[in-house]
*Asks:* 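There's a structure below that I have some questions on.
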Amino acid sequence: MLVVVGLFGLALGSFLNVVIARVPAGRSLVYPGSACPGCSAPLAWYDNIPVLSFAVLRGRCRTCGMHIAWRYPIVEAITAAVLVLAYVAFGPSAEFLIACLLLPALIVMTAIDLQYQMIPDVITLPGIPIGLLMNLATGRMSWIESSVGILIGGGLFFVIIVASRGGMGGGDLKLGAMLGAFLGWKALVFGLFIAIVLGGAIGAALLLTGRRGRKDPIPFGPFLAAGGAMALFWGEQAFSWWMGGFGG
Ligand SMILES: [Zn+2]
């Protein structure tokens with residue numbers, strides 16, 4: 001079963017690459033088929049096999065020799081890895097189904113935010129009701145827990161955007177609300193905590209090493225995505241552990 005989940009993850013990762021390349025440009029996901037961005041040569045099926053084709057072609061287009069971005073095999077491998085981890089953690093369950101929706105969405109948003117400094121509304125806006133409805137349909141948590149998550153996730157970034165006068169974007173607000181819908185407010189609090197710690201540490205490291213100046217924007221989406229993914233796996237336990245620690 002883990003092999004099946006892994007192969008599904010590779011195929012899904014290949015599709016996510018299409019989403020990452022086309023959604024920011026507003027292009028169709030189905031038409032035309034995959035082609036080399038350099039020479040427009042259409043890709044044969046055997047040049048479009050996740051990870052394997054990149055290795056066989058040594059990262060170059062068969063027709064024109066242009067370098068294929070490392071993003072392609074990385075996204076495919078990470079998608080397969082996180083779905084296998086989710087299956088190991090959750091087994092065949094509602095949690096796994098929710099992981100199959102949330103984790104790929106977070107991978108797409110991380111890649112798009114890193115490359116284009118934006119978080120696409122076409123994923124976050126539908127993601128808010130989908131997260132809420134999935135939790136209701138599976139009985140995983142009450143609608144209150146999910147709705148309060150939406151309010152906290154969106155509200156926190158609303159406050160940050162107002163206070164920082166645009167230092168953070170509306171995309172982060174919608175992603176925060178979507179994470180709240182999927183995770184519920186308890187796990188969300190853990191995810192936000194991780195995102196802020198990671199973002200602060202890596203942001204400080206980039207400043208100190210001179211890789212980024214004080215005025216350069218550092219996208220926060222990837223940290224939110226990482227915090228959200230960790231919260232899906234450990235959020236509930238971390239929250240009750242905190243509460244237990246504070247209570248006793
Ligand atoms: Zn080419």
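Both ligands and their constituent atoms are indexed starting at 1 by order of listing.
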*Asks:* Got more than 12 heavy atoms from elsewhere within 6.0 Å of CZ, F193?
*Replies:* no
*Asks:* What pairs of residues pass the ring pair (Phe, Tyr, Trp, His ring centres under 6.0 Å) test when at least one of them lies in residues 24-47, not counting sequence neighbours?
*Replies:* none
*Asks:* Anything protein N/O/S under 2.8 Å from the Zn ion (ligand 1)? Just list residue and atom, please.
*Replies:* C36 SG, C39 SG, C61 SG, C64 SG
*Asks:* Would you say the side chain of S147 lies within less than 4.5 Å of the side chain of L132, judging by non-hydrogen atoms?
*Replies:* yes
*Asks:* Counting only heavy atoms not in F158, do more than 12 sit closer than 6.0 Å to its CZ atom?
*Replies:* no
*Asks:* Considering only NZ, NE, NH1 and NH2 on the basic side and carboxylate oxygens on the acidic side, decide whether E95 and R140 come within less than 4.0 Å.
*Replies:* yes
*Asks:* Is it the case that the side chain of T124 and the backbone of L175 share a donor-acceptor pair, with hydrogens and angles ignored and the cut-off at 3.5 Å?
*Replies:* no
